[in-house]
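Residues take their numbers from the sequence shown, with the count starting at 1.
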Amino acid sequence: MRITYKRFCYVAIFLYCVFSCYALYSVFFRAPKVTHVHKVVKSSQLHRLLSPRGNQGGGSRVSANKIEDEWNPWEEDEKSAQDLHVKIIEKYQKSLQKNQPSPPTKTELSVQIWGKAAIGLYLWQHILGGPLEPVDVTAPWREGKIREGSIDLSFITGPAVVPGYFSVESENVVLVLNGREEAKISFAVQWLYYTKTLIESHKLKHLAVVLLGNEQCNNDWIRPYLKKNGGTVDLLFVVYDSTWINEDDVYQWPLGVATWQPQETNESSKFYHDALLQSDLTLSPVGINTECYRIYEACSYGSVPVVEDVMTPGNCGNSSMSSNAPLSLLKSMGAPFIFIKSWTELPAILEQEKNMTYQEKVQRRATIIKWYQKFRIQLKEKFLRALKERFLHRDQNVQ
């Protein structure tokens with residue numbers, strides 16, 4: 001009995017060693033296998049589809065033997081997630097510069113943006129297409145400047161941006177705040193008090209707020225600060241489907257991509273972005289709110305969001321401007337997503353995916369990327385138009 005037991009142990013140890021060696025080989029030496037579902041389009045092919053004539057004639061045809069293991073929307077030799085992130089921002093900035101008319105010699109409006117919430121980076125880099133120095137996201141002070149038509153815009157962000165310890169360079173300010181939870185609200189209120197003292201001392205004239213609102217739209221704390229209620233905030237851009245949206249002094253703002261996560265590593269970020277790059281569909285189930293970062297991150301890489309289109313508990317809902325909640329902003333701008341009311345619809349969607357040709361999937365990726373670029377440009381124009389109307393034109397009308 002003792003001999004049999006020893007032999008069993010030896011065999012078990014031997015098998016364990018064999019499987020361990022095989023696992024090491026698979027992880028570190030074996031080339032990754034790309035499944036049919038994850039096959040994606042070569043960047044040069046996508047450029048043809050994104051060009052004005054990309055879907056005309058034979059130039060848009062893609063042969064199956066040109067499939068590569070990894071799709072990169074801009075450059076074939078970029079491999080790290082951080083490089084991909086930077087390249088996407090740079091591509092958007094170049095597209096804005098190419099389409100921008102020659103700026104007038106006279107500056108009509110100067111605006112300084114104070115980024116005290118992470119969504120400030122989405123506003124500045126992804127929507128306005130502004131530069132930011134230094135590149136290091138952990139830097140205590142980061143800044144940038146751009147000119148949009150007759151509007152001069154500057155941006156500052158970082159932990160060194162503290163009330164009373166930096167230069168207020170414009171009488172028109174956009175303050176980016178986080179109002180998602182109580183601790184963040186207390187911090188936001190301090191900034192609103194600070195801007196109030198600046199207005200009272202005539203150092204500041206106009207104030208707009210871009211607010212990462214509460215996921216259940218419990219934003220009543222900021223209501224007294226709106227100018228129509230006796231406060232100092234001329235304009236409010238708020239994330240999520242607030243019932244306050246009126247396209248006059250309150251606008252809906254997108255959640256955007258996750259710009260920085262404290263527990264994120266380069267490895268986990270690359271793994272996540274690679275998954276987006278290699279996925280034709282990105283599933284987006286509801287959380288506390290229907291809207292999530294994943295939707296915008298998927299659009300960045302041409303992966304189609306499959307969105308659970310249901311309202312979540314709370315005070316979010318339809319406004320006087322829309323009866324299409326949730327995700328009213330995205331729907332109003334024609335988001336080419338797959339909206340479902342129940343995940344029981346998913347098997348039928350996957351069956352349709354099986355019947356799609358590779359050419360059709362390539363074209364769909366191009367459509368998503370082109371729509372997302374147009375979405376950001378339209379948001380930029382809407383944002384600047386609202387600032388100009390509130391900060392400039394209404395002043396002229398008063399005078």
Side-chain angles (χ1 to χ4, degrees), residues 34-43 45-51 54-55 60-62 64 67-74 81 84-85 87-88 91-92 122 126 254-258 271-287 289-310 324-379:
V34 181
T35 66
H36 175 74
V37 175
H38 286 159
K39 286 179 180 177
V40 288
V41 58
K42 186 176 179 180
S43 62
Q45 296 164 351
L46 186 66
H47 282 310
R48 289 201 296 271
L49 286 167
L50 289 174
S51 67
N55 57 357
S60 64
R61 298 187 65 83
V62 182
I67 300 172
E68 288 194 336
D69 288 347
E70 187 172 87
W71 171 72
N72 184 325
W74 319 123
L84 287 172
H85 173 74
K87 283 292 180 182
I88 288 173
K91 184 73 175 181
Y92 179 65
Y122 184 71
H126 295 254
L255 178 61
V257 300
F271 179 83
Y272 175 67
H273 287 281
D274 284 348
L276 291 175
L277 285 168
Q278 297 176 9
S279 300
D280 292 319
L281 305 178
T282 296
L283 306 186
S284 182
V286 298
N289 193 281
T290 311
E291 189 173 4
C292 67
Y293 297 120
R294 191 184 306 111
I295 294 173
Y296 301 91
E297 290 160 351
C299 290
S300 297
Y301 297 115
S303 182
V304 182
V306 181
V307 182
E308 188 176 6
D309 185 19
V310 296
N324 212 12
L327 305 176
S328 298
L329 179 63
L330 291 168
K331 291 174 182 176
S332 68
M333 300 180 78
F337 302 165
I338 299 174
F339 293 97
I340 62 175
K341 294 297 183 182
S342 169
W343 289 109
T344 57
E345 301 173 43
L346 186 59
I349 292 171
L350 297 180
E351 192 63 33
Q352 291 175 0
E353 287 290 305
K354 292 180 183 178
N355 297 326
M356 286 184 69
T357 66
Y358 178 69
Q359 171 69 32
E360 289 171 333
K361 290 184 179 181
V362 169
Q363 183 63 58
R364 185 175 62 181
R365 276 190 176 268
T367 299
I368 287 286
I369 291 175
K370 289 169 71 175
W371 172 85
Y372 186 52
Q373 181 161 315
K374 182 180 178 182
F375 168 79
R376 289 179 290 163
I377 291 173
Q378 289 178 333
L379 268 179

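Across all their heavy atoms, G256 and Y293 have their closest contact at O-CD2, 3.0 Å. Counting all heavy atoms, side chain and backbone alike, H126 lies closest to R376 at O-CD, 3.2 Å. Heavy atoms only, all atoms of each residue included: W371 and C299 are closest at CZ3-SG, 4.1 Å.
Aromatic ring orientation, Y296 versus Y372: tilted (interplanar angle from 30° to 60°). The aromatic rings of H273 and Y301 stand perpendicular to each other, their planes meeting at an angle above 60°, with 30° marking the opposite boundary.
A distance of 12.0 Å separates CG of D309 from OG of S342, quoted to the nearest 0.5 Å. The line from CG of L283 to CD of E308 is 10.5 Å long, rounded to the nearest 0.5 Å.
In this structure the side chain of E291 never reaches within 4.5 angstrom of the side chain of L329, judged on heavy atoms. At a threshold of 4.5 Å between non-hydrogen side-chain atoms, the residues P336 and I368 count as touching. F337 is listed as a side-chain neighbour of I295, based on a closest heavy-atom distance under 4.5 Å. Put simply, the side chain of I338 does not reach to within 4.5 Å of the side chain of E345, judged on heavy atoms. Between L330 and V307, the closest side-chain pair of non-hydrogen atoms is not below 4.5 Å. Using a 4.5 Å cut-off on side-chain heavy atoms (C-beta onward), E351 and K354 make contact. Side-chain contact between V310 and P326: absent, with no pair of heavy atoms (C-beta onward) separated by less than 4.5 Å. Contact annotation: the side chain of L281 approaches that of L350 to within less than 4.5 Å [non-hydrogen atoms, C-beta and beyond].
Without hydrogens or angle criteria, K361 side chain to D280 main chain gives no donor-acceptor distance under 3.5 Å. When atom types are taken as modelled, the side chain of T367 and the backbone of Q363 share a donor-acceptor pair closer than 3.5 angstrom.
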Which is it for S303 and T282 under the side chain to side chain donor-acceptor pair (under 3.5 Å) test, yes or no, and what are the steps along the way?
CA-CA 6 Å; S303 182; T282 296; 2.7 Å; yes
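Comment: E297 does not engage R294 in a salt bridge, judged by the lack of any side-chain N to carboxylate O separation of less than 4.0 angstrom.
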